[in-house]
Amino acid sequence: MTLNRIERNIFARGLFAMLMVSCALVGVVWVVKAFQGLDIIASKGQSVLLFLYVTSLAIPILLAAVLPIGLLIATIYTINSLNNDSELVIINASGASPWTVYKPFILLATLTAIFVGLISFLVGPSTLRDLRTQKAAISADVISVVARAGQFSKISKNITFHIANRAPGGTLEGIVVKDEREKDVSFLYFARRGSIVKNNGEAYLILENGEIHRKDLEKGNVSIINFNSYAFDLSSFTGSATKFNFRPSEMTMWELFNPDPNNYFYQKTPGKFTAELHERFSSVLYPFMFVMIVLSFAGQARSTRQTYGHAILTAALISCGLRALGFSMHSLSKSSSIGIIMVYIIPLSGIFFASLSLISDKQLRLPKAISLKISDMTSQISKLSVRIQLAYHKFIRQNLRGSS
């Protein structure tokens, strides 16, 4: 697809706006996720570099979710900027085809769809799988790296460890483990010594020469079991890193098409595998839907800025509404074939009707009654905003006078 000078200018402005918005959104979400993962450093004793690496593994999936939204905002921003600067009027007056404006955004939607598809089909599952593996490895290193001699370390919500001494060679001495994961029973493990053993991506704490105190929380009875050797599963803290415990979002396309019948999640909720597969395919349609809807409502100059603002607001509301409906159909597709069909029908319907508008060169408009109601609502919101600002300034002036 070749672009002339005007089209390249529009494409560059739209691309820059999309990258800025997407980076800002990803940055905000990543910071929130990073704060949630600070326990990797605070309680699990890992390095800052490992912390940054683990938290950054979620960025590709965040990009796949954020890029279509960034494209929608960038399209609205660029179109509105072109209209406010009278560039749309000049383009139309010069005799250029409306597709001079449409083509750059369609190309931008195509590139976004390709990028989202690459992440959804290839990069995303790989990084999520790596994230699961890293979490399992961190959990396996909790005892040997983090637990300080003479201190109680709460590894998870219901698991507490205590180690009296860490001998050379990685041997742990004087081990106490409190396990309260079961509702009606609690366990206390005592062992003279122990060590960490890793096998096929799973990690175990091997306890030697100890006792298990099993307490019935309802009756208060305690039973004691002596053992020479006992393996305590550490991988259960975050889930095993083996292939049998990968979630649908961490599966490759081939694994979703041919799920392993021994997979724990497939045995429990097989519908999630089908829903995940169709969600990945349908996700590449939304960049086209967003762009087409915005262009069909606001791709050409309007006579007044007020009607143009209504057109942009309507396009944004319809786009967000259809995307929200798509999310609900994704949930429905886990248990219903109707949901699977609707996952595709929703974005394809938006693309189809918006394309008809662009091809016929007739911009979509809301019915006059609805447009008037939106205008009234906008006016009321503006008046309320002015009143709040006046009240705020009056409050500030009164406080300044009182303090003086």
Side-chain angles (χ1 to χ4, degrees), residues 54 57-65 116-142 155-159 179 181-185 187 196-206 230-286 326-348:
V54 171
L57 288 173
I59 290 179
I61 291 297
L62 291 177
L63 275 174
V116 169
L118 288 175
I119 294 176
S120 300
F121 299 154
L122 299 175
V123 180
S126 176
T127 56
L128 288 179
R129 184 172 293 201
D130 194 11
L131 178 62
R132 172 69 67 85
T133 303
Q134 290 295 330
K135 284 186 176 181
I138 290 171
S139 294
D141 291 339
V142 165
I155 306 305
S156 66
K157 184 178 180 181
N158 301 311
I159 301 289
D179 184 352
R181 287 177 291 180
E182 296 189 24
K183 183 178 180 181
D184 301 324
V185 181
F187 295 90
I196 301 292
V197 175
K198 299 179 182 179
N199 183 28
N200 294 329
E202 296 186 346
Y204 299 90
L205 172 62
I206 306 300
Y230 183 87
F232 191 90
D233 186 7
L234 296 175
S235 302
S236 59
F237 297 153
T238 58
S240 172
T242 65
K243 66 179 182 178
F244 299 110
N245 275 332
F246 283 132
R247 294 184 174 89
S249 59
E250 301 160 348
M251 292 287 186
T252 64
M253 296 298 292
W254 174 255
E255 290 170 332
L256 289 176
F257 275 115
N258 301 277
D260 192 325
N262 295 320
N263 184 286
Y264 168 78
F265 294 103
Y266 182 72
Q267 292 176 347
K268 188 176 180 181
T269 53
K272 288 186 177 180
F273 282 70
T274 303
E276 175 67 22
L277 182 64
H278 293 288
E279 175 66 17
R280 292 187 191 181
F281 280 114
S282 63
S283 64
V284 301
L285 299 174
Y286 283 98
F327 282 127
S328 64
M329 290 301 104
H330 168 63
S331 300
L332 181 62
S333 65
K334 298 174 184 178
S335 58
S336 172
S337 58
I338 296 177
I340 295 175
I341 297 173
M342 293 302 296
V343 162
Y344 296 100
I345 287 180
I346 291 171
L348 288 175

Just jot down the ring-ring contact (aromatic ring centres under 6.0 Å, His included) partners of [X], sequence neighbours excluded, or say none.
| X | value |
| --- | --- |
| His278 | Tyr344 |
| Phe327 | none |
| Tyr266 | Phe273 |
| Phe187 | none |

Problem - Backbone of Arg181 reached by a side-chain donor or acceptor of Asp179 within 3.5 Å - result: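 Flag set: sc Asp179 to bb Arg181 pair under 3.5 Å.
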Practice task
Tell me, please, which residues at least two apart from Thr252 pass side-chain hydrogen bond (donor to acceptor under 3.5 Å, both in side chains).
Solution key: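 Applying side-chain hydrogen bond (donor to acceptor under 3.5 Å, both in side chains) to Thr252 gives Glu255.
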Testing the basics here: between [X] and [Y], what is the closest heavy-atom pair and its distance to 0.1 Å?
| X | Y | result |
| --- | --- | --- |
| Leu277 | Met253 | CD1-CE, 3.4 Å |
| Gly117 | Val284 | CA-CG1, 3.7 Å |
| Leu128 | Ser249 | CD1-O, 3.5 Å |
| Pro347 | Val343 | CD-O, 3.1 Å |

Separation of [Y] [atom2] from [X] [atom1] (nearest 0.5 Å):
| X | Y | atom1 | atom2 | result |
| --- | --- | --- | --- | --- |
| Thr127 | Glu250 | OG1 | CD | 9.5 Å |
| Asp130 | Leu57 | CG | CG | 5.0 Å |
| Tyr286 | Ile346 | OH | CD1 | 5.5 Å |
| Ile341 | Ser333 | CD1 | OG | 11.0 Å |
| Ser126 | Ile119 | OG | CD1 | 12.5 Å |

Problem - Ion pair check, Glu276 and Lys272, cut-off under 4.0 Å - result: no
Side chain to side chain contact (heavy atoms under 4.5 Å, CB included) against [X], all qualifying residues, sequence neighbours excluded:
| X | value |
| --- | --- |
| Ser331 | none |
| Ile338 | Ser336, Met342 |
| Leu118 | Ile114, Leu122 |
| Ser283 | Val116, Ser120 |

Practice task
Let me see the working for Ile345 and Met329 under side-chain contact (heavy atoms from CB on, under 4.5 Å), right down to the final yes or no.
Solution key: CA-CA 10 Å; Ile345 287 180; Met329 290 301 104; over 6 Å; no
